[in-house]
Amino acid sequence: KQEVTQIPAALSVPEGENLVLNCSFTDSAIYNLQWFRQDPGKGLTSLLLIQSSQREQTSGRLNASLDKSSGRSTLYIAASQPGDSATYLCAQDGNTGKLIFGQGTTLQVKP
Amino acid sequence: DGGITQSPKYLFRKEGQNVTLSCEQNLNHDAMYWYRQDPGQGLRLIYYSQIVNDFQKGDIAEGYSVSREKKESFPLTVTSAQKNPTAFYLCASSTNTGYTEAFFGQGTRLTVV
């Protein structure tokens, strides 16, 4: 059974810290790995998509990496801000379009 | 603006009632999906459609039905057979060409009263 796990479930940091969110997956035949942000009561906003042939993607202060051999992806957030407070979800796609989600990491950045 | 529109934002259902959640997209995407999100859990796939007039069951399809008569629309009906329908429902779409990025609507919160 394909599974995606995110650790930690919750994280609280002071403003300005660099931080890493972790995502592990069991399916080595991964096609894409996508990171999302979800604000309370809202839908998901796509942050980064890493194709299986890529090792990382960057967007502004965000950098996501993918290591298929170890079944891991990390989302690095540089110089965190209170506006980064949200739940971050990773999801894998095995080329079916059906995303398998982790349970998310809820991030709180304190001013 | 291109995107996915879900309506209504909040929906209340009485016991034994069927309700339909709307999902419309103007991204010209072939594939559309319905997910359910419960507190403390990740998203679980209910149904998906990769082309008009075709759809497949996801992991938790029991008590739900869908139709895909138009490329832009993928409505979800929560039937009375769904015993625990209170949840947050999210619709998504993507292209069907591989290495696809999924885009989500703002969700519908369904509550049984």
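Reminder, nothing fancy here: chain letters follow the sequence lines and each chain counts from 1.
- Applying the 6.0 Å contact sphere to CZ of A/R61 captures more than 12 heavy atoms from other residues, nucleotides or ligands.
- Under the 4.5 Å side-chain heavy-atom criterion for ILVMFWY residues, no single connected hydrophobic cluster contains both A/Y76 and A/L33.
- The contact between B/L90 and chain A is made entirely by side chain atoms (from C-beta outward), counting heavy-atom distances below 4.5 Å.
- Of the residues considered (B/Q106, B/R44, B/R109), B/Q106 shows the highest number of contacts with chain A, using heavy-atom pairs under 4.5 Å.
- In terms of heavy atoms, A/S46 sits closest to B/A102 at CB-O, 4.0 Å.
- Other residues, nucleotides and ligands contribute only 12 or fewer heavy atoms inside 6.0 Å of the CZ atom of A/R72.
- In the hydrophobic clustering, where aliphatic and aromatic side chains (Ile, Leu, Val, Met, Phe, Trp, Tyr) are joined below 4.5 Å either directly or transitively, B/Y47 groups with B/L11, B/V19, B/L21, B/M32, B/W34, B/I46, B/F55, B/I60, B/Y64, B/V66, B/F74, B/L76, B/V78, B/Y89, B/L110.
- The environment of A/K42 atom NZ is sparse: at most 12 non-hydrogen atoms of other residues, nucleotides or ligands sit within 6.0 angstrom.
- Looking at A/L44, both its backbone and its side chain come within 4.5 Å of chain B, counting heavy atoms on both sides.
- Expressed to the nearest 0.5 Å, how far CD of A/Q103 lies from CG of B/D38 amounts to 11.0 Å.
- When heavy atoms are compared at a cutoff of 4.5 Å, B/Q56 does not approach chain A at all.
- The cluster map of Ile, Leu, Val, Met, Phe, Trp and Tyr, joined by side-chain heavy atoms under 4.5 Å apart, puts A/L62 and A/V109 in the same cluster.
- Tracing side-chain contacts under 4.5 Å through hydrophobic residues (I, L, V, M, F, W, Y), one never reaches B/V52 starting from B/Y48; they form parts of separate clusters.
- Only the side chain of A/Q38 comes within contact range of chain B, judged by heavy atoms closer than 4.5 Å.
- Neither the backbone nor the side chain of B/A31 has a heavy atom closer than 4.5 Å to any heavy atom of chain A.
- Distance check, rounded to the nearest 0.5 Å: CD of A/Q51 to CD of B/E101 gives 10.0 Å.
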- Query: After noting the C-alpha distance and the side-chain angles of B/Y35 and A/L99, does the key distance pass the side-chain contact (heavy atoms from CB on, under 4.5 Å) rule?
  - Reply: CA-CA 10 Å; B/Y35 289 87; A/L99 293 171; 3.4 Å; yes

